[in-house]
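I have placed the structure first, in the form of structure tokens, so that the comments after it can refer back to it.
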Amino acid sequence: MPTVTHLPRLQQSLADLDEALAELALLAGDVPEPDDEPAIADAMRERVAIIRGDVAESTATLRDRDARAALSACHERFNAIARRMSGELATRAHVVEIVSIASDRGGAWTKWSDAMQQGLDRCAVAHDAVAASLLECWRGLAAPQLRPRLGRRSHV
């Protein structure tokens, strides 16, 4: 297991991201008219399921490895998560479609649209927390190697 002091925070931030994604999937399925579900709702649930799988893989990489290998593998998986989130989940086109559904259908669909947008925002915040936790872990690993160099003066 890695001996990085910030590892628990990274593990928690990944768990928080998974939770935010799970909530988004529930919101996507909680449409006002189940018999008239828009295609975007099903597509969002499918994308969330894939990303949650990536989050689980990212979390699993933190077990039974040395710190550098664990963080490297976790970071690699996280980069895939980031690409999926920005390119397949929280795209401008999807947000426009969600807003358009509310505009076209009105009523309870407006509440659904607002909830979906808030869910996407929560996912973005959770994603950013994972990125910050990864950075802190890398800093924690790099700090011991950097300390001896900080006292040296460069003669150029």
Side-chain angles (χ1 to χ4, degrees), residues 1-2 4-65 67-142:
M1 184 65 111
V4 179
T5 58
H6 297 287
L7 185 61
R9 189 178 310 157
L10 175 58
Q11 291 169 323
Q12 183 60 54
S13 65
L14 285 163
D16 293 345
L17 176 57
D18 185 61
E19 183 178 320
L21 288 163
E23 289 174 9
L24 182 63
L26 289 174
L27 289 169
D30 191 22
V31 294
E33 300 170 31
D35 294 338
D36 192 21
E37 180 180 271
I40 188 69
D42 188 46
M44 294 291 270
R45 287 192 305 271
E46 287 178 19
R47 289 178 179 107
V48 165
I50 292 168
I51 295 170
R52 287 188 74 201
D54 290 340
V55 171
E57 288 178 19
S58 186
T59 302
T61 64
L62 296 174
R63 297 184 196 110
D64 300 325
R65 293 177 164 209
R68 280 176 180 54
L71 283 176
S72 179
C74 181
H75 206 149
E76 185 176 4
R77 292 303 321 143
F78 179 72
N79 288 345
I81 292 166
R83 284 189 300 274
R84 285 190 196 278
M85 285 185 66
S86 67
E88 300 174 16
L89 185 67
T91 67
R92 179 166 168 71
H94 291 158
V95 173
V96 167
E97 186 173 350
I98 290 167
V99 170
S100 178
I101 289 167
S103 177
D104 293 347
R105 298 180 183 196
W109 287 99
T110 301
K111 185 177 177 181
W112 177 81
S113 173
D114 291 346
M116 286 294 293
Q117 291 174 69
Q118 290 171 3
L120 287 168
D121 289 344
R122 281 192 297 276
C123 288
V125 168
H127 169 273
D128 291 348
V130 175
S133 294
L134 273 167
L135 178 59
E136 287 305 310
C137 286
W138 282 118
R139 283 181 177 156
L141 278 177

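A quick note: this is a predicted structure, and the numbers were derived from the prediction, not measured. Keep in mind that the numbers below use all heavy atoms, side chains included, and drop hydrogens, waters and symmetry copies. This chain uses plain numbering: 1 for the first residue, then up along the sequence.
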Side-chain donor-acceptor pair under 3.5 Å between D16 and Q12, yes or no? yes

Nearest-0.5 Å distance, SG of residue C123 to CG of residue D128: 11.0 Å

Kindly indicate whether the side chain of L10, heavy atoms from C-beta on, has any atom under 4.5 Å from the side chain of S13. yes

Is there side-chain contact between L17 and R52, with at least one heavy-atom pair below 4.5 Å? no

Test side chain to side chain contact (heavy atoms under 4.5 Å, CB included) on I98 and W112 and set out the steps. CA-CA 9 Å; I98 290 167; W112 177 81; 4.1 Å; yes

Distance, nearest 0.5 Å, that separates CZ of R47 from CZ of R84: 10.5 Å

Worked check of side chain to side chain contact (heavy atoms under 4.5 Å, CB included) between Q117 and D114: CA-CA 5 Å; Q117 291 174 69; D114 291 346; 4.0 Å; yes

Is there a side-chain contact between P38 and W109, using heavy atoms and a 4.5 Å cut-off? yes

When you compare the side chain of V55 with that of R77, does any pair of heavy atoms fall below 4.5 Å? no

State whether E136 and R9 are salt-bridged, where the test is any N-O pair (Lys NZ or Arg NE/NH1/NH2 against Asp/Glu carboxylate O) under 4.0 Å. no

Does any part of the side chain of K111, heavy atoms only, come nearer than 4.5 Å to the side chain of P32, both counted from C-beta? no

So do the side chains of L26 and D30 get within less than 4.5 Å of each other, counting heavy atoms only? no

Chi angles and distances behind the side chain to side chain contact (heavy atoms under 4.5 Å, CB included) call for L24, R122: CA-CA 9 Å; L24 182 63; R122 281 192 297 276; over 6 Å; no

Measuring from N79:CG to E76:CD, what's the distance to the nearest 0.5 Å? 8.0 Å

Is any side-chain heavy atom of L21 closer than 4.5 Å to one of L89? yes

Inspect the contact between E37 and R45 and indicate whether a charged nitrogen and a carboxylate oxygen are less than 4.0 angstrom apart. yes

Measuring from F78:CZ to L14:CG, what's the distance to the nearest 0.5 Å? 8.0 Å

For V96, is there any backbone N or O sitting under 3.5 Å from a side-chain donor or acceptor partner on S100? no

With a 4.5 Å cut-off on side-chain heavy atoms, are T61 and E57 touching? no

Can you tell me how far apart SG (C74) and CH2 (W138) are? Round to the nearest 0.5 Å. 9.5 Å

Exercise: do H94 and T91 side chains pair donor with acceptor under 3.5 Å: yes

So how far is it from E88 CD to I50 CD1, rounded to the nearest 0.5 Å? 6.5 Å

Evaluate side chain to side chain contact (heavy atoms under 4.5 Å, CB included) for L27 paired with M44, printing each intermediate quantity in order. CA-CA 10 Å; L27 289 169; M44 294 291 270; over 6 Å; no

